[in-house]
Amino acid sequence: MTARPGARAVSDPPSSDPRAELPLELVLLDTVPAADRDDLLAAARALRLGPGQDAFVPPATDVVDAALADPDRHLLVARAAGGAVVALGVLHPGGAPDEVVALLGGAASADVVLFRGFLVDVAAQGAGVGTRVTSLLPAAVADLARVRRRADPYAALVLTVNERNAAGRRAYARAGLADRGAYLGGNAGPQRIMATTLDSP
């Protein structure tokens with residue numbers, strides 16, 4: 001796949017640990033040619049949830065369709081070695097609810113990127129994909145700022161996770177996101193707000 005000039009995929013750093021998982025690569029769909037983008041969209045739509053996970057995230061087709069209908073939502077996929085798409089998510093600048101932004105230390109809503117619609121294919125679950133994807137998000141957000149030609153970098157990355165989703169909360173915490181408090185506006189019950197501030201490049 002060839003990215004547009006100036007764009008890059010975000011990848012796991014090399015590891016000397018032979019037990020380490022095969023590397024993952026995050027790809028912003030904004031940065032790839034149309035033909036490759038269509039292939040990635042098809043692979044993203046085919047991702048499958050595990051049993052009961054539809055309580056926490058919509059099906060992949062719904063996530064993709066909502067993003068394609070909203071120019072402020074930017075799809076990204078995670079690819080494993082060999083190119084197989086194993087996860088999907090959306091970066092949504094300015095998409096965080098006001099009550100979430102209020103807990104982020106004074107950042108303006110437009111400077112906060114909401115990560116939403118994240119799902120890992122059921123066949124790839126249990127291998128640390130959630131933590132690894134989350135750890136790569138700050139670099140992906142920096143790429144998004146360049147794609148959107150922002151004069152300044154984004155200030156914070158935030159997501160909400162259902163209080164019943166213990167595995168998700170652990171994965172995000174391992175990737176360095178901190179719990180900032182409760183959010184009661186979720187459709188599936190109480191959520192925890194997890195966020196990190198973003199360093200300037």
Side-chain angles (χ1 to χ4, degrees), residues 6-13 24 26-31 56-58 63 66-78 87-120 128-201:
R8 63 185 179 86
V10 181
S11 303
D12 277 337
L24 280 181
L26 292 190
V27 181
L28 269 174
L29 269 64
D30 301 75
T31 67
F56 305 132
V57 64
V63 174
L68 294 178
D70 184 346
D72 289 327
R73 300 191 191 197
H74 299 265
L75 285 160
L76 57 78
V77 297
L88 162 71
V90 177
L91 296 175
H92 188 178
D98 290 343
E99 54 266 51
V100 171
V101 175
L103 297 177
L104 301 181
S109 178
D111 295 331
V112 174
V113 176
L114 175 67
F115 184 53
R116 66 190 309 165
F118 180 47
L119 62 94
V120 177
V129 172
T131 295
R132 289 155 62 210
V133 167
T134 307
S135 69
L136 295 172
L137 287 176
V141 171
D143 281 351
L144 178 61
R146 288 187 282 270
V147 167
R148 290 174 65 99
R149 302 183 186 277
R150 276 180 60 95
D152 298 309
Y154 290 106
L157 170 72
V158 66
L159 58 83
T160 64
V161 55
N162 195 283
E163 288 189 348
R164 294 182 288 128
N165 186 357
R169 291 165 60 189
R170 288 194 299 269
Y172 301 137
R174 284 194 296 267
L177 273 62
D179 191 317
R180 299 296 185 91
Y183 171 57
L184 302 180
N187 293 331
Q191 313 272 312
R192 301 306 299 178
I193 299 166
M194 301 192 73
T196 185
T197 55
L198 299 172
D199 296 329
S200 299

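By convention here, the first residue in the shown sequence is residue 1.
- Using a 4.5 Å cut-off on side-chain heavy atoms (C-beta onward), P190 and Y183 make no contact.
- Residues V63 and P58 come closest through the heavy atom pair CG2-O, 3.9 Å.
- The two atoms that bring L114 and A96 nearest to each other are CB-N, 3.9 Å, heavy atoms only.
- Atom CG of L137 sits about 9.5 Å away from atom CG of L198, to the nearest 0.5 Å.
- Every pair passing side chain to side chain donor-acceptor pair (under 3.5 Å) that includes a residue from residues 97-119 is listed here, sequence neighbours excluded: H92-R116, D111-R150.
- In plain terms, the two heavy atoms of A107 and V112 that are nearest each other are CB-CG2, 3.8 Å.
- One finds the CG atom of N165 at 10.5 Å from the OG1 atom of T160 (value rounded to the nearest 0.5 Å).
- To the nearest 0.5 Å, the span separating CG on N162 from CZ on F56 amounts to 5.0 Å.
- Sorted by first and then second residue, the pairs that involve residues 155-165 and meet salt bridge (charged side-chain N to carboxylate O under 4.0 Å, His left out), not counting sequence neighbours, are E163-R192.
- Without hydrogens or angle criteria, T131 side chain to G128 main chain gives no donor-acceptor distance under 3.5 Å.
- Put simply, the side chain of F115 does not reach to within 4.5 Å of the side chain of V158, judged on heavy atoms.
- Side-chain contact between L157 and T134: absent, with no pair of heavy atoms (C-beta onward) separated by less than 4.5 Å.
- The CG atom of L91 sits 8.0 Å away from atom NE2 of H74, with the distance rounded to the nearest 0.5 Å.
- Residue L136 holds its CG atom at 7.0 Å from CG of L24, rounded to the nearest 0.5 Å.
- Of all heavy-atom pairs between A69 and P71, the closest is O-CD, 4.0 Å.
- The side chain to side chain contact (heavy atoms under 4.5 Å, CB included) test with D143 is passed by exactly one of V27, T31, L28: L28.
- Between A66 and R73, the shortest heavy-atom distance links the atoms CB-NH1, 3.8 Å.
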Point to revise | Candidate pair F118 and Y172, rule side-chain contact (heavy atoms from CB on, under 4.5 Å), full reasoning | key: CA-CA 12 Å; F118 180 47; Y172 301 137; 3.4 Å; yes
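- The residue from L26, D30, L88 that alone fulfils the side chain to side chain contact (heavy atoms under 4.5 Å, CB included) condition with L76 is L26.
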Exercise for review: List the steps and the verdict of side-chain contact (heavy atoms from CB on, under 4.5 Å) for L177 and L159.
Suggested key: CA-CA 9 Å; L177 273 62; L159 58 83; 3.5 Å; yes
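- When all heavy atoms are compared, the tightest approach of V129 to A87 is CG1-CB, 4.2 Å.
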Exercise for review: Please test R148 against D72 for salt bridge (Lys or Arg N to Asp or Glu O under 4.0 Å), starting from the C-alpha separation and ending with a verdict.
Suggested key: CA-CA 10 Å; R148 290 174 65 99; D72 289 327; 3.6 Å; yes
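- With sequence neighbours excluded, no residue forms a side chain to side chain donor-acceptor pair (under 3.5 Å) with R180.
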